[in-house]
Amino acid sequence: MGGEGAGESVRERRSHVVESRYEKLEALRRRGVEPFAYSYDVTHSTSAAREAFEVAEQAGTLSDGGDGPDVRIAGRLTSLRGHGKSTFADLADRSGKIQIYFRQNELGEDAYGLLDLLDPSDWIGVEGTLFRTRMGEVTVRVRSFQLLAKSLRPLPFGKEEVDPETGERRVYSGFADVEQRYRQRYADLAVNPDVREVFFTRTKLVRAIRRFLDDLGYVEVETPILQPLYGGASARPFITHHNALDMPLYLRIADELYLKRLIVGGLERVYEIGKDFRNEGIDRTHNPEFTMLEFYEAYADYENMMERVEALLLAVVREVTGGSTSVTYQGVPIEFAPPYRRMAYFDALREYGNLDVRRMDDAALRDAVRSFAVEDVDTMSRPKLIDELFSELVEPHLQQPVFITDFPREISPLAKPKRGDPELVERFELIVAGREIANAFSELNDPIDQKERFLAQVRLREQGDEEAQTYDEDYIRALEYGMPPTGGVGIGIDRLVMLLTDQPSIRDVILFPTMRPE
RNA sequence: GGGCCGGUAGCUCAGCUGGCAGAGCAGCGGACUUUUAAUCCGAAGCGCGUGGGUUCGAGCCCCACCCGGCCCA
């Protein structure tokens with residue numbers, strides 16, 4: 001489905017490296033070899049094959065000649081080392097790689113001659129017998145092989161050497177250009193096993209979350225991504241248009257309001273893992289589309305949800321690390337064994353910022369914010385100023401998991417007032433490694449209060465706050481039917497994956513991060 | 001949005017105060033039936049991100065722009 005005429009210009013620009021592969025493709029066809037096969041029966045992965053040999057070796061069931069079992073394996077050629085009438089190659093699949101060995105007198109002249117038309121990056125299937133070479137490497141002696149897909153463009157495989165003295169791994173060349181790695185993730189994944197590992201870990205993490213919540217009787221649901229009103233967070237949306245209805249629709253910035261409608265509907269425990277979209281800048285911790293977990297539980301308050309979050313993270317960290325309760329993030333050891341420290345928002349500002357913000361007037365706050373030169377200081381509301389101070393002065397100090405609790409009411413329009421201090425709300429954020437990982441409330445279930453909070457947001461919007469929330473009449477109607485006391489949590493999955501895979505950029509945990517077109 | 005850094009062969013990168021554009025790996029031809037960055041011999045391959053400008057001469061200097069990274073907002 002390429003653009004018209006693209007083929008010709010691409011043809012013009014073919015490098016000699018690519019050109020020679022097209023020539024080999026034609027040569028294969030001339031010899032009656034179909035370069036793009038339909039299927040191949042595989043009996044072993046490369047790692048299972050190696051294991052099968054080692055098992056036979058230890059059981060003493062190798063043949064007199066030292067041969068192990070027969071296998072059929074498939075994968076990508078990563079290296080070809082021809083020696084005239086014999087050839088060694090490496091075949092890589094998802095599980096790793098294994099050496100394969102072709103001999104002319106085993107394959108026959110015709111079949112052996114086809115090796116001249118193979119290249120690194122080609123997909124092949126091989127059938128043969130496992131043995132161990134003089135150099136001690138478990139290898140498949142190939143009896144027959146089939147080309148599964150000709151690669152017309154070489155992958156930039158790195159060369160890797162283990163220093164025999166220090167045991168240090170050195171990588172030669174390879175695929176390092178980060179821009180191209182993000183744009184051509186297929187090549188990145190094909191070439192860099194570490195990258196594959198990150199995404200396998202990501203899947204493992206999400207699976208652990210589902211298992212944890214499922215076991216607690218949570219129901220996984222799907223709520224609208226296209227929404228007539230957007231809400232549940234403070235952010236600017238992506239706007240699109242529905243032609244048949246001739247109306248604007250927004251890509252959701254959060255799942256929150258729909259999930260709480262389901263609590264009104266009596267589902268009691270619900271969660272959703274899905275993409276949210278926020279129309280804001282891109283940096284190390286922000287991608288315009290990102291994955292969010294939200295879960296809501298009837299009859300729970302934010303204290304209960306803190307325990308849930310502690311237990312959830314413990315389970316996830318154990319799963320991902322294979323049993324440990326800690327990880328190292330960018331050189332900093334992080335311990336996830338609960339309980340986590342709890343600190344009130346204003347106490348944290350006092351402790352780390354040495355500021356008693358509740359006693360400061362707006363001008364003093366403004367000056368404090370200005371001292372680290374934030375734009376638009378003059379138009380910021382008081383709560384926004386305080387939140388700037390929090391981000392700047394407090395968050396960077398919080399490396400170990402800590403629950404920051406009891407936020408100002410104004411910046412939390414969906415949270416219940418704190419018992420005993422109505423200026424605050426029952427809300428917490430979990431901060432780890434200086435970053436917000438989770439955000440949670442005792443959910444506001446008083447429709448009258450909620451209506452007032454929405455109206456306050458509308459006033460902020462009228463004053464130019466583009467991130468203020470919108471008035472959602474249907475949501476108020478839902479609350480009027482009655483929502484039980486409910487605890488709710490949102491967890492940014494990408495950031496959690498970053499933490500648990502020690503990746504410095506959110507782009508390293510998103511398969512296809514948002515990029516400008518080339 | 002601002003600052004800094006980067007974009008040179010398929011990949012990873014050199015390229016001095018402006019003077020014929022390079023290396024390693026990959027690829028191509030040849031030798032080689034236990035190699036593993038295979039080795040040996042040989043011959044190729046670069047519109048230097050794009051567009052202007054300065055200059056006898058620009059990969060290098062100047063301007064604008066495109067794409068990316070890091071830091072700041």
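Note on naming: letters A, B, ... go to the chains in the order of the sequence lines (proteins, then strands), and numbering restarts at 1 for each one.
Separating the P atom of B/G30 from that of B/U35 is a span of 24 Å, rounded to the nearest Å. B/U39 sits 15 Å from B/U33 when the C1' atoms are compared, rounded to a whole Å. The gap from the P atom of B/G3 to that of B/C63 amounts to 12 Å, rounded to the nearest Å. Comparing the C1' positions of B/A58 and B/U17 gives a spacing of 14 Å, expressed to the nearest Å. Comparing the same atom, C1', in B/C46 and in B/C13 gives a spacing of 14 Å after rounding to whole Å. Spacing between B/C62 and B/G24 at atom C1', rounded to whole Å, works out to 34 Å. Atom name P, nucleotides B/G52 and B/C48: the rounded distance is 12 Å, in whole Å. Here the separation of B/A26 from B/U12, taken at their C1' atoms, is 11 Å to the nearest Å.
Across all strands shown, nothing is found opposite B/A14 as a Watson-Crick or G-U wobble partner with both distances under 3.5 Å. Pair check for B/A44 finds none; no Watson-Crick or G-U wobble contact set falls under 3.5 Å. A 3.5 Å limit on both hydrogen-bonding distances identifies B/G3 as the Watson-Crick or G-U partner of B/C70. Of the nucleotides present, B/A64 is the one that pairs with B/U50 by Watson-Crick or G-U wobble criteria, both distances under 3.5 Å.
Ion pairing between A/R183 and A/D188 fails under the 4.0 Å rule for side-chain N and carboxylate O. Electrostatic pairing of A/D67 and A/R141 counts as a salt bridge here, judged by a charged N lying under 4.0 Å from a carboxylate O.
Toward the 5' end of RNA chain B, the nearer of the two residues A/D177 and A/K24, judged by each one's closest nucleotide, is A/D177. Nearest-nucleotide assignment on RNA chain B puts the 5′-proximal partner with A/R21, out of A/R21 and A/F102.
The side chain of A/R183 sits closest to B/G68 out of B/C11, B/G68, B/C71. When each of B/U33, B/U35, B/A44 is scored by its nearest atom to the side-chain atoms of A/N105, the top-ranked nucleotide is B/U33. Residue A/S20 places its side chain closer to B/G27 than to any other of B/U12, B/U35, B/G27. Checking B/U33, B/U35, B/C13 against the side-chain heavy atoms of A/R103 singles out B/U33 as nearest.
Remark: the A/T129 side chain and the A/R143 side chain contain an N/O donor-acceptor pair separated by less than 3.5 Å.
The base of B/U35 sits with one of its N or O atoms less than 3.5 Å from a complementary donor or acceptor on the side chain of A/Q99. Remark: the A/R81 side chain and the B/U35 base include a donor-acceptor N/O pair separated by less than 3.5 Å. Taking 3.5 Å as the limit, the base of B/U33 and the side chain of A/Q104 contain no donor-acceptor pair of atoms between them. At a cut-off of 3.5 angstrom, counting only N and O atoms as typed in the model, there is no donor on one side facing an acceptor on the other between the side-chain of A/S86 and the base of B/U34.
Across the protein-nucleic acid pair, A/H286 atom NE2 and B/G69 atom C1' stand 18 Å apart, rounded to whole Å. Between A/F175 atom CZ and B/U12 atom P the separation is 7 Å, expressed in whole Å. The CZ-P distance, from A/R370 to B/A73, rounds to 15 Å in whole Å. Rounded to whole angstrom, the span from the OH atom of A/Y101 across to the C1' atom of B/A38 amounts to 13 Å.
The cationic group of A/R72 lies under 6.0 Å from the six-membered ring centre of A/Y40 and within 45° of the ring axis, placing it in a cation-pi geometry.
Across all strands, A/R507 comes closer than 4.0 Å only to sugar-phosphate atoms, never to a base (heavy-atom distances). In this structure, A/G281 reaches neither bases nor backbone, as no heavy-atom distance under 4.0 Å exists between it and the strands shown.
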Would you check, one step at a time, whether the test side-chain hydrogen bond (donor to acceptor under 3.5 Å, both in side chains) holds for A/R21 with A/S151?
CA-CA 8 Å; A/R21 289 180 177 229; A/S151 162; 3.3 Å; yes
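With contacts defined as side-chain heavy-atom distances shorter than 4.5 Å, the pair A/V178/A/R181 qualifies.
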